[in-house]
There are 2 protein chains.
Amino acid sequence: MPKRKAGDNKPTRSPTMADIARIAGVSAATVSRALAGLPPITEETRQRVAQAAKEAGYAVNRHARSLRLKRSKVMLVLIPNLANPNFPDLLMHIDRAAYDCGYDIMIAHTAIDPHRSDRYVDELLAGGLDGVLLTADYCPPKLLERISAGARLPIVRTLSPTPAPNGISGVQIDEEKAAYDVVNHLVTQGHRRIAHLGGPPKEIVAIARKRGWEKALADHGLDAGPDLYIPAGFLIDDGRRAGNELGEHAALPDAIFCSNDESAYGLMAGLKKRGLRVPHDIAVAGFDDLSFSAVLDPPLTTVRLPRQEMAEKSVWKLRALIEEDAPNDITILKHELLIRSSSLRS
Amino acid sequence: MPKRKAGDNKPTRSPTMADIARIAGVSAATVSRALAGLPPITEETRQRVAQAAKEAGYAVNRHARSLRLKRSKVMLVLIPNLANPNFPDLLMHIDRAAYDCGYDIMIAHTAIDPHRSDRYVDELLAGGLDGVLLTADYCPPKLLERISAGARLPIVRTLSPTPAPNGISGVQIDEEKAAYDVVNHLVTQGHRRIAHLGGPPKEIVAIARKRGWEKALADHGLDAGPDLYIPAGFLIDDGRRAGNELGEHAALPDAIFCSNDESAYGLMAGLKKRGLRVPHDIAVAGFDDLSFSAVLDPPLTTVRLPRQEMAEKSVWKLRALIEEDAPNDITILKHELLIRSSSLRS
DNA sequence: GTGAAAGCGCTAACAT
DNA sequence: ATGTTAGCGCTTTCAC
């Protein structure tokens with residue numbers, strides 16, 4: 001093996017545009033135009049350049065291009081935590097949609113280092129990144145600061161609703177209405193004492209879903225008394241804990257609307273361990289439609305989030321923001337109530 | 001709002017190193033050194049530069065830096081498919097470990113466009129990317145080609161084993177031995193007719209796990225006859241289909257070792273629907289230790305993959321390959337058999 | 001239709 | 001200890 005200095009992992013220096021130019025017997029400028037498919041080039045020259053590039057295994061250097069163009073064709077995706085199965089699914093669709101638009105994605109999860117996402121805002125400003133996709137209600141402080149200072153940056157939020165049109169575009173569903181629909185369905189099944197297993201009390205999604213529950217009960221003249229609101233969280237264990245304690249301090253409810261599918265999994269496991277049957281003794285519904293919800297025993301009634309559509313629409317919106325300076329706006333997508341046996345009158 | 005041309009989303013051009021130099025009253029080179037913390041700089045100058053950079057909201061332009069350094073501080077992660085919960089978990093740890101080493105990650109899932117991963121190999125060669133992390137046995141054809149041509153590239157594979165030291169480093173477990181351990185455990189529980197629900201017949205992981213099953217049976221003088229091998233796949237539905245048909249053409253086995261947790265979920269659902277109880281009528285074990293496996297009813301006996309360690313070790317290995325031209329090698333990590341009630345003699 | 005040349009923002013030799 | 005300068009690889013006026 002030929003001797004190489006440390007860190008020099010490339011077998012030979014890879015070809016640059018100048019190399020291709022030399023091979024094809026043209027100038028670098030012509031290569032650039034030919035490869036980009038720009039107008040004033042003979043078909044014959046284009047062929048020759050393409051051929052030379054292919055044979056030499058040429059690929060443009062993204063950094064040189066980005067530096068020149070001041071556009072990187074990279075979208076940053078900020079994800080809180082991949083442990084919630086909503087995110088991987090969303091991310092997969094984001095990746096696909098971005099690639100189809102000619103973008104690559106960088107990802108960073110925000111749950112751990114609070115400093116980290118601010119760094120990316122600086123990079124966005126410095127031109128290293130073209131735009132940022134937020135996939136939760138978290139927003140880097142620095143970004144908030146810039147926006148209130150009047151900056152218009154290419155940022156789109158999805159999955160979690162943006163409370164008001166505040167300078168960040170959004171692609172979301174009507175969380176409150178969806179929750180309302182679930183509770184309404186439980187009422188039509190004849191349930192009267194309908195409890196709510198609440199999510200983290202500060203998360204916007206959790207607040208909206210709780211409000212939907214309250215509203216539906218009120219519209220049906222039912223009570224949402226304090227013993228029916230069960231504070232919990234979005235995790236399986238939050239649900240399980242609730243399932244273990246349910247009915248200890250008050251009568252059992254007829255049905256429980258859980259703020260998400262994961263907490264519903266835990267709740268059902270907890271109830272089952274105590275010998276309570278779903279839906280015979282108690283009906284359960286969730287929210288999110290994770291893929292496991294359909295194979296659960298019993299299958300879980302839930303709300304389908306249009307994750308693919310959310311991913312695609314937010315990528316497209318972000319691209320429009322980047323490339324066309326489109327206005328900031330919020331898109332509301334349709335949700336769907338999936339009625340499965342966990343909530344059906346037995 | 002001031003008039004701006006289309007695509008100009010930045011409120012004002014963000015500061016460059018030259019701007020900071022002017023503000024701090026030094027040269028650009030000094031700014032570069034001060035910010036990088038390089039030796040020959042007065043503490044006082046460093047302070048002044050840091051201050052100026054902070055006030056101006058300065059961030060280095062990553063493309064300019066990468067172009068100059070021929071090093072991008074970006075690792076590409078090639079993921080087949082985020083739908084298998086192994087990957088999100090792995091990815092999360094990769095992100096964290098990479099960030100701690102000063103790298104960002106770009107991700108691309110490979111399951112759809114076969115052309116795509118080859119493009120990244122070109123980019124790697126062209127210096128746009130520092131290294132690639134493969135998280136399955138898939139390897140871009142172009143990469144294989146380069147390697148057999150003698151190229152040494154910064155590539156690490158994890159999660160799936162690399163069959164032989166062939167120019168790609170790896171971080172993996174001994175899949176065959178782990179499968180052996182599971183089957184061995186089933187034997188100690190008194191089971192004799194132990195079936196195997198096989199994964200995709202061409203995937204290296206599936207092949208290794210099957211071999212472990214065969215070996216364990218052979219070592220115990222048990223039969224691995226053809227009616228005990230059930231060809232399936234890695235998906236829930238593959239397992240469910242098998243569960244629905246099990247015992248139709250032959251006697252029911254005592255136990256089933258599934259090639260992964262997901263197919264075990266489906267299998268258990270299928271068996272349950274037919275009134276067969278796990279583990280009372282039939283014992284079940286899986287492989288992967290997905291987070292749902294512990295909350296299943298009954299909780300699933302499985303093999304824990306050290307995903308966090310895999311993620312960290314592979315990032316570190318990749319960094320060594322990039323920065324120190326380290327030799328290619330394979331690291332084998334310890335696995336762990338998690339015995340839960342799905343496999344215990346009732 | 002094609003080439004020459006400038007310059008994107010940064011870092012590292014080399015000078016002072 | 002700091003400044004000057006060159007150049008990384010690309011795209012794009014501007015000439016021809």
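Owing to the predicted nature of the structure, the values given are computational and were not obtained by experimental measurement. Order of the sequence lines fixes the chain letters, A, B, ..., with proteins taken first and strands second; residue numbering starts at 1 for each chain.
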Participant: Using whole Å, report how far CG of B:Asn61 lies from C1' of D:dC10.
Facilitator: 14 Å

Participant: Between D:dG9 and A:Thr16, is there an OP1 or OP2 to side-chain N/O distance shorter than 4.0 Å?
Facilitator: no

Participant: Under 4.0 Å between a side-chain N or O of A:Thr30 and OP1 or OP2 of C:dT2?
Facilitator: no

Participant: Which part of the nucleic acid, if any, lies within contact of B:Thr45, taking any heavy atom under 4.0 Å across all strands shown: a base, the sugar-phosphate backbone alone, or nothing?
Facilitator: sugar-phosphate

Participant: On DNA chain C, does the nearest nucleotide to B:Pro15 precede the nearest nucleotide to A:Arg46 from the 5' side, or the other way round? Give the residue.
Facilitator: A:Arg46

Participant: Can you find a side chain N or O atom of A:Arg65 that sits less than 4.0 Å from OP1 or OP2 on D:dT11?
Facilitator: yes

Participant: Taking only N and O in the side chain of A:Tyr58, is any of them less than 4.0 Å away from OP1 or OP2 of D:dG9?
Facilitator: no

Participant: Starting from P on C:dA4, measure out to CE on A:Met17 and report it in whole angstrom.
Facilitator: 16 Å

Participant: Side chains of B:Leu90 and B:Leu159, heavy atoms from C-beta outward: is any pair under 4.5 Å?
Facilitator: yes

Participant: Does a donor on one side chain and an acceptor on the other come within less than 3.5 Å for B:His109 and B:Asn81?
Facilitator: no

Participant: Is the NZ or CZ atom of A:Arg319 both under 6.0 Å from the centre of the six-membered ring of A:Tyr103 and within 45° of that ring's axis?
Facilitator: no

Participant: Are A:Lys70 and C:dG7 close enough that a side-chain N or O sits under 4.0 Å from OP1 or OP2?
Facilitator: no

Participant: Would a distance-only check, ignoring hydrogens and angles, find a side-chain to backbone donor-acceptor pair under 3.5 Å from B:Thr42 to B:Glu44?
Facilitator: no

Participant: Please state how far atom CD in A:Glu123 lies from atom P in C:dG9, giving the value in whole angstrom units.
Facilitator: 15 Å

Participant: In whole Å, I'd like the distance from the CZ atom of A:Arg62 to the C1' atom of C:dG9.
Facilitator: 18 Å

Participant: What's the CZ-C1' distance between A:Arg68 and C:dA6, to the nearest Å?
Facilitator: 8 Å

Participant: With a non-hydrogen cut-off below 4.0 angstrom, is A:Leu67 in contact with a base, only sugar-phosphate, or nothing?
Facilitator: base

Participant: Closest approach to the side chain of A:Ser27, judged atom by atom: which nucleotide of C:dG3, C:dA6, C:dT2 is it?
Facilitator: C:dG3

Participant: On the nucleotide D:dT11, are OP1 or OP2 found under 4.0 Å from the side-chain N or O atoms that A:Ser32 carries?
Facilitator: yes

Participant: On the side chain of A:Arg33, is there an atom forming a donor-acceptor pair with the base of C:dG3 - under 3.5 Å, no angle test?
Facilitator: yes

Participant: Measuring only between side-chain heavy atoms, which start at C-beta, is B:Met75 closer than 4.5 Å to B:Asp130?
Facilitator: no

Participant: Can you measure B:Lys73 atom NZ to C:dC10 atom P for me and round it to whole angstrom units?
Facilitator: 17 Å

Participant: In whole angstrom, what separates A:Leu125's CG from C:dG9's P?
Facilitator: 14 Å

Participant: Could you tell me the separation between the CD1 atom of A:Ile20 and the P atom of D:dT11, rounded to a whole number of Å?
Facilitator: 13 Å

